[in-house]
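Residue numbers start from 1 in every chain, and the chains themselves are labelled A, B, ... in the order their sequence lines are given, proteins ahead of strands. What you see is a predicted model; the values in this text were computed from it and never measured.
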There are 2 protein chains.
Amino acid sequence: MATGRTHRPATRSRGIPEATVARLPLYLRALTALSERSVPTVSSEELAAAAGVNSAKLRKDFSYLGSYGTRGVGYDVEYLVYQISRELGLTQDWPVVIVGIGNLGAALANYGGFASRGFRVAALIDADPAMAGKPVAGISVQHTDELERIIDDNGVSIGVIATPAGAAQQVCDRLVAAGITSILNFAPTVLSVPEGVDVRKVDLSIELQILAFHEQRKAGEGEAAEDRLPPPPATKSDRKGPDGDLPAVMPA
Amino acid sequence: MATGRTHRPATRSRGIPEATVARLPLYLRALTALSERSVPTVSSEELAAAAGVNSAKLRKDFSYLGSYGTRGVGYDVEYLVYQISRELGLTQDWPVVIVGIGNLGAALANYGGFASRGFRVAALIDADPAMAGKPVAGISVQHTDELERIIDDNGVSIGVIATPAGAAQQVCDRLVAAGITSILNFAPTVLSVPEGVDVRKVDLSIELQILAFHEQRKAGEGEAAEDRLPPPPATKSDRKGPDGDLPAVMPA
DNA sequence: TTGTGTGAAACTTTTCACAGCG
DNA sequence: CGCTGTGAAAAGTTTCACACAA
């Protein structure tokens with residue numbers, strides 16, 4: 001999902017597979033819940049169930065971090081919480097800026113999961129002068145003009161883009177120029193960034209479309225398929241949208 | 001990401017790889033943009049750049065759908081838009097319910113990308129009686145009591161959960177009992193669903209944590225590692241004590 | 001000549017299954 | 001004996017490179 005993918009060949013010593021990294025937060029969440037209930041140890045089986053994966057995968061994942069379990073017993077919850085937090089870099093505090101304080105940006109600012117995990121909302125930024133000074137989630141929104149200064153003053157390296165698609169690339173460029181090296185993009189557009197900058201995207205529409213794909217399949221299960229048949233003739237001027245041409249609108 | 005994973009062995013005739021399915025919405029978005037600019041054809045190279053992938057991957061992906069291109073020329077934009085839409089099941093209209101109309105739920109209700117892609121917000125549902133009747137994004141919020149009736153009346157098969165984590169499983173159970181077979185979960189919790197129900201999750205905190213992991217790595221790049229070394233020692237010299245004290249150590 | 005479509009190779013991720021530690 | 005840790009096999013995904021259709 002990251003665009004700035006060109007990570008080092010990195011197959012060197014400390015190469016934790018990307019798939020494993022993506023699951024560490026899941027394990028951490030499950031472990032935190034256990035920790036809160038003062039559960040001292042868990043088996044791979046139990047923890048895997050809580051995290052929604054299978055135990056073999058979990059054990060393999062943990063094996064990349066080291067041998068943190070005890071055979072015949074399981075894993076020490078507190079110890080694992082610490083190890084995974086450290087591995088993920090959550091033992092330090094990450095200041096984050098959110099750009100674009102519309103519905104989504106506000107929702108993000110209010111999202112509790114941020115603060116509870118080493119992330120601190122350092123600033124909320126919006127291009128609308130009318131927003132400036134307004135408090136959202138207890139933080140006063142600042143104008144885009146301040147962007148560079150804010151990032152510099154706070155040593156921010158992670159930015160969240162929640163602007164309309166049309167503004168995303170421009171905002172991205174400014175963030176990168178200001179020193180941001182990791183971006184979480186909610187705008188439905190592909191961002192281009194220089195080497196060394198990581199981008200992850202979250203796209204609601206895409207998730208729904210994937211669900212629709214599987215949903216459709218379930219529906220056309222038992223029957224002989226009606227939409228499943230060979231595609232219409234490939235003659236160009238032919239089809240333009242017999243029944244299904246899309247309105248085709250992007251959120252702007 | 002889907003929990004109800006147990007998909008059919010499906011190695012049957014029309015098996016489109018999951019990784020490919022996940023990219024189809026990306027291609028569709030890029031194609032739609034081209035279509036709006038009345039571009040008649042694209043090469044795999046151009047389209048791949050617009051979608052943020054490489055061209056070999058794109059061609060391979062399309063090859064699973066069929067041979068929709070013209071050698072020496074490229075792909076007909078309109079035709080591909082249609083084919084991908086059909087493949088994703090977007091030529092039909094999917095009614096969707098959103099449960100949990102807090103900050104996030106409201107943001108989702110207002111999200112333009114929904115309506116523009118074959119998805120229709122059929123209802124907004126919230127457990128707070130005070131919310132009932134209030135209009136959000138032009139739709140009147142309904143109380144949870146109505147959930148089953150709403151789903152049934154509208155033939156809804158896709159549900160979006162935007163409730164707090166604590167309520168998610170309960171809401172999920174009701175959705176499933178009411179006939180929902182695809183769920184997009186924004187609550188930071190693992191949902192358990194019966195076979196045949198698809199779950200996809202979106203978790204902000206997880207995405208940020210993955211970014212933090214890579215960010216941390218960038219920071220400790222050139223130097224001799226200070227956080228990379230064995231963590232602060234503890235009573236660990238003789239393998240791990242049953243009591244959960246913090247750090248111990250070491251790499252494999 | 002151009003750019004698709006695709007076998008085959010390379011790489012990644014998951015699953016299996018069991019040795020061996022506690 | 002129970003459960004971790006891990007080689008080895010299987011499955012899935014990406015990349016390569018080129019035959020070949022238009």
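Side-chain contact, A:Glu36 with A:Thr32: no donor N or O sits under 3.5 Å from an acceptor N or O. Between B:Arg59 and B:Ser44, the side chains place a donor N or O and an acceptor N or O closer than 3.5 Å (distance only, hydrogens not considered). Between the side chains of A:Ser182 and A:Asp198, no donor-acceptor pair is found at a separation under 3.5 Å.
The distance from atom CG of A:Leu58 to atom C1' of D:dC3 is 12 Å, rounded to the nearest whole Å. As rounded to whole Å, 12 Å separates atom C1' of D:dT4 from atom CG of A:Leu80. Separating the CZ atom of A:Phe62 from the P atom of D:dC3 is a distance of 16 Å, rounded to the nearest angstrom. In this structure, the OH atom of B:Tyr64 is 10 Å from the P atom of C:dG7, given to the nearest Å. Counting to the nearest Å, the P atom of C:dC11 and the CD atom of A:Glu18 are 18 Å from each other. Rounded to whole angstrom, the span from the CD atom of B:Glu45 across to the C1' atom of C:dT4 amounts to 12 Å. Atom P of nucleotide C:dT4 and atom CG of B:Asp61 are separated by 14 Å, given to the nearest angstrom. For the pair A:Glu46 CD and D:dC3 C1', the computed distance is 11 Å after rounding to whole Å.
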How would nucleotides 15-22 of chain D be written as a contact map, 5' to 3', with B for base contact, S for sugar-phosphate-only contact and - for no contact, using protein heavy atoms under 4.0 Å? B-B-BBBS
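Of the side-chain N and O atoms in B:Tyr75, one or more sit less than 4.0 angstrom from OP1 or OP2 of C:dG5.
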Assess the residue pair B:Leu90 and B:Leu28 against the criterion (side-chain contact (heavy atoms from CB on, under 4.5 Å)); give the C-alpha distance rounded to whole Å, side-chain angles, the decisive distance to 0.1 Å, and a yes or no. CA-CA 11 Å; B:Leu90 304 180; B:Leu28 184 55; 3.7 Å; yes
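Within 6.0 Å of CD on B:Glu45 lie no more than 12 heavy atoms contributed by other residues, nucleotides or ligands.
Remark: of the listed residues B:Phe62, B:Tyr68, B:Tyr82, B:Phe62 is the sole one forming a ring-ring contact (aromatic ring centres under 6.0 Å, His included) with B:Tyr75.
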